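Let me begin by presenting the structure, written as structure tokens, before commenting on it.
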Amino acid sequence: MAGPWWRKCPRLTTGCTATNILENLWHLKGRPVSFSASLLSRASCIPTPETRPPTAAQINMKAGNFLIRHQSRLLLPTLQSCCCRATHSDTKPKDPFTLAQKDLTSLYDDIKKELFVSKVELKSLCEYYFDGKGKAIRPMIVVLMARALNIHSNRAGDLLPGQRAIAMISEMIHTASLVHDDVIDGSDKRRGKRTINEVWGEKKAILAGDFILSAASMALARIGNITVVKVLSQVIEDLVRGEFMQLGSKENENERFKHYLEKTFKKTASLIANSCKAVSILVNSDPEVHEIAYQYGKNVGIAFQLVDDVLDFTSGASQLGKPTAADLKLGLATGPVLFACQQFPELHAMIMRRFASKGDVDRAWQYVLQSNGVQQTNYLAQHYCKEAIRQISRLRPSPERDALIRLTEMVLTRDK
């Protein structure tokens with residue numbers, strides 16, 4: 001019987017090219033992840049109607065031939081080969097956080113204004129995580145994407161009021177989801193301090209998350225664009241569906257990895273992808289531009305979560321601000337575990353019982369560290385970043401576009 005597709009990928013330690021992973025990645029939300037296509041083109045702008053790219057069938061045929069001829073060039077032993085070596089600029093791209101800082105200075109103050117209530121306890125609950133100590137990665141990406149799109153669309157780079165609101169809304173939706181996740185997971189620590197459910201109890205934590213979501217919905221409605229409302233409403237649906245997917249598991253190995261990546265998209269990447277798409281809708285009517293923004297956000301979002309899953313095995317609790325091995329303790333099999341199954345089949349039974357038996361968490365931890373699961377997951381994250389670079393490189397050059405390219409390297413090298 002044929003094994004799962006990811007078994008066919010040779011181990012990294014023996015020169016894995018991940019060709020089979022690239023050829024077998026499935027569709028998410030009906031949009032294929034075409035890493036092989038990215039190896040065939042280095043377009044720096046959107047093609048004109050006269051120079052449209054080949055069809056998917058043509059790309060797949062050429063990709064197959066290309067992969068056969070150039071497998072040795074697909075090795076990614078370092079981050080340098082994954083990240084864009086030239087960003088169409090003579091100067092080094094600016095730090096994304098520095099470039100977006102001006103637009104994010106009042107972010108948390110603006111959020112607190114949206115959450116204004118007279119009841120002191122509810123106010124304290126809702127503002128608990130909006131203390132300026134979060135990474136604010138989502139609004140930063142949205143701000144940089146908005147400015148890059150504005151320049152690409154022959155406008156001034158300054159943010160439109162609606163784009164600024166979307167950056168704020170993205171952080172509100174994300175934070176509300178964290179509050180609810182902590183209740184579901186029974187977490188007692190978040191961002192280096194006690195969780196809301198630990199301080200105020202589960203019932204009040206749930207209500208606080210609901211209130212943050214309702215305030216975000218009101219801010220979204222005030223933008224006054226029904227398409228933007230539909231796009232960001234999809235995020236909330238995906239968050240809920242992703243959480244339900246996380247509660248389940250798959251017996252079949254192929255289905256299990258597909259389930260994991262689709263859950264990763266819904267719980268993490270959908271918010272970034274759809275927020276990027278939303279700011280593009282406000283400034284450009286071209287669906288192709290909308291898709292570029294969406295695909296960049298999707299691929300960066302998935303890569304971000306893959307790295308996060310790796311850090312659960314490689315970083316200390318002091319760095320993460322939460323306990324390590326948290327996913328295993330919650331019964332979750334993430335990328336490093338699923339890849340480790342290739343070398344340690346005994347992990348399959350543990351996954352199906354969600355690491356509930358005595359000693360399962362410790363044994364699974366050791367198996368992952370003894371395997372190449374961490375390296376394989378990092379390798380997969382590199383490919384998602386490569387596709388994000390390919391997408392964003394189609395926009396007109398600008399400091400913000402180049403900062404988004406540099407951000408992919410920061411996603412891959414972060415340690416918390």
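Computed from a prediction, not measured in an experiment: that's the story for all the values here. Index from 1, following the sequence.
Side chain of D109 to main chain of S106: no donor-acceptor pair is present (N/O by atom type, distance under 3.5 Å, no hydrogens or angles). Here the side chain of D312 pairs a donor or acceptor atom with the backbone of A326 at under 3.5 angstrom. Side-chain atoms of R138 never come within 3.5 Å of backbone atoms of L271 as a donor-acceptor pair (strictly under, hydrogens ignored). At distances below 3.5 Å, at least one donor-acceptor pair connects side-chain atoms of H290 with backbone N or O atoms of N284. Judged by distance alone, with hydrogens and angles left aside, the side-chain atoms of N299 form no donor-acceptor pair with the main-chain N or O of E387 at under 3.5 Å. Judged purely by atom type and a 3.5 angstrom limit, T195 uses its side chain to pair as donor or acceptor with the backbone of S187. Looking only at distances, a side-chain donor or acceptor of S177 sits under 3.5 Å from a matching main-chain atom of H174. Looking at S170, its side chain does come within 3.5 Å of a backbone N or O of A167 through a donor-acceptor pair. No donor-acceptor pair closer than 3.5 Å links the side chain of S357 to the backbone N or O of D360.
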Determine, step by step, whether E114 and R222 satisfy the side chain to side chain contact (heavy atoms under 4.5 Å, CB included) criterion, reporting the C-alpha distance in whole Å, the side-chain angles of both residues, the deciding distance to 0.1 Å, and the verdict.
CA-CA 12 Å; E114 294 292 334; R222 285 199 299 273; 2.7 Å; yes

For T334 and F313, what are the C-alpha separation, side-chain angles and deciding distance, and is it a side chain to side chain contact (heavy atoms under 4.5 Å, CB included)?
CA-CA 10 Å; T334 56; F313 290 92; 4.0 Å; yes

Does the side-chain hydrogen bond (donor to acceptor under 3.5 Å, both in side chains) test come out yes or no for N150 and Q163, once each step is laid out?
CA-CA 10 Å; N150 292 352; Q163 292 174 326; 3.0 Å; yes

Derivation and outcome, ring-ring contact (aromatic ring centres under 6.0 Å, His included), residues F304 and Y384
CA-CA 9 Å; F304 185 91; Y384 277 105; over 10 Å; no

Any chance you could lay out the side chain to side chain contact (heavy atoms under 4.5 Å, CB included) test for L332 and Y260, step after step, and finish with the verdict?
CA-CA 10 Å; L332 305 178; Y260 163 66; over 6 Å; no

How far apart are the C-alpha atoms of V337 and L328, what are their side-chain angles, what is the distance that settles it, and do they pass the side chain to side chain contact (heavy atoms under 4.5 Å, CB included) test?
CA-CA 9 Å; V337 178; L328 287 176; 3.9 Å; yes

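V310 has its side chain out of reach of L306: every pair of non-hydrogen atoms, C-beta onward, lies at least 4.5 Å apart. Side-chain contact check for R194 versus D188: every heavy-atom pair is 4.5 Å or farther apart. Residues E291 and R394 have side chains not in contact (no heavy-atom distance under 4.5 Å, counting atoms from C-beta outward). Considering only heavy atoms from C-beta on, S371 stays 4.5 Å or farther from Q342 through its side chain. For the pair I392 and I405, the minimum side-chain heavy-atom distance is below 4.5 Å. In this structure, L232 and V235 have side chains that are in contact, with non-hydrogen atoms separated by less than 4.5 Å. Considering only heavy atoms from C-beta on, I166 comes within 4.5 Å of L282 through its side chain. Contact annotation: the side chain of Q305 never approaches that of K267 to less than 4.5 Å [non-hydrogen atoms, C-beta and beyond].
Between the CZ atom in F265 and the NZ atom in K298 there is a gap of 6.5 Å [rounded to 0.5 Å]. Atom CZ of residue R354 and atom CG of residue L247 lie 6.5 Å apart, to the nearest 0.5 angstrom. M145 CE to L404 CG: the interatomic distance, rounded to the nearest 0.5 Å, is 5.0 Å. Distance check, rounded to the nearest 0.5 Å: CE of M168 to CD1 of I173 gives 10.0 Å. Separation of atoms NZ (K94) and CD (E400) is listed at 8.0 Å; rounding is to 0.5 Å. From M172, atom CE reaches atom SG of C126 across 8.5 Å, with rounding to the nearest 0.5 Å.
Contact check on R363 versus E346 returns no salt bridge, with no Lys/Arg side-chain nitrogen under 4.0 Å from an Asp/Glu carboxylate oxygen. Residues R190 and D181 are not paired through a salt bridge, judged by the lack of any N-O separation under 4.0 Å between the basic side chain and the carboxylate. Salt bridge R164/D103: present, at least one basic N to carboxylate O contact under 4.0 Å. A salt bridge links K123 to E127: at least one charged side-chain nitrogen sits closer than 4.0 Å to a carboxylate oxygen. Salt-bridge check for R406 with E409: failed, with every basic side-chain N at 4.0 Å or more from each acidic carboxylate O.
Considering all non-hydrogen atoms of both residues, A136 and Y108 come closest at CB-OH, 3.7 Å. When all heavy atoms are compared, the tightest approach of V143 to A100 is CG1-CB, 4.2 Å. Nearest heavy atoms, V228 versus A278: CG2-O, 3.8 Å. Between G301 and T268, the shortest heavy-atom distance links the atoms O-CG2, 3.7 Å. When all heavy atoms are compared, the tightest approach of F355 to V361 is O-CG2, 4.0 Å. Nearest heavy-atom pair, T377 versus G335, reported as atom, atom and distance to 0.1 Å: OG1-C, 3.2 Å.
R414 CZ: more than 12 foreign heavy atoms inside a 6.0 Å radius. More than 12 heavy atoms of other shown residues, nucleotides or ligands fall within 6.0 angstrom of atom NZ in K112.
Side-chain contact annotation: N274 with S270, donor-acceptor N/O pair under 3.5 Å present.
Y128 carries K193 over the face of its six-membered ring, with the cationic atom under 6.0 Å from the centre and within 45° of the normal.
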Review item, side-chain donor-acceptor pairs of residues 207-218, under 3.5 Å, at least two apart:
unit_1	atom_1	unit_2	atom_2	d
D210	OD1	H180	NE2	3.2
S214	OG	F211	O	2.6
S217	OG	L213	O	2.9

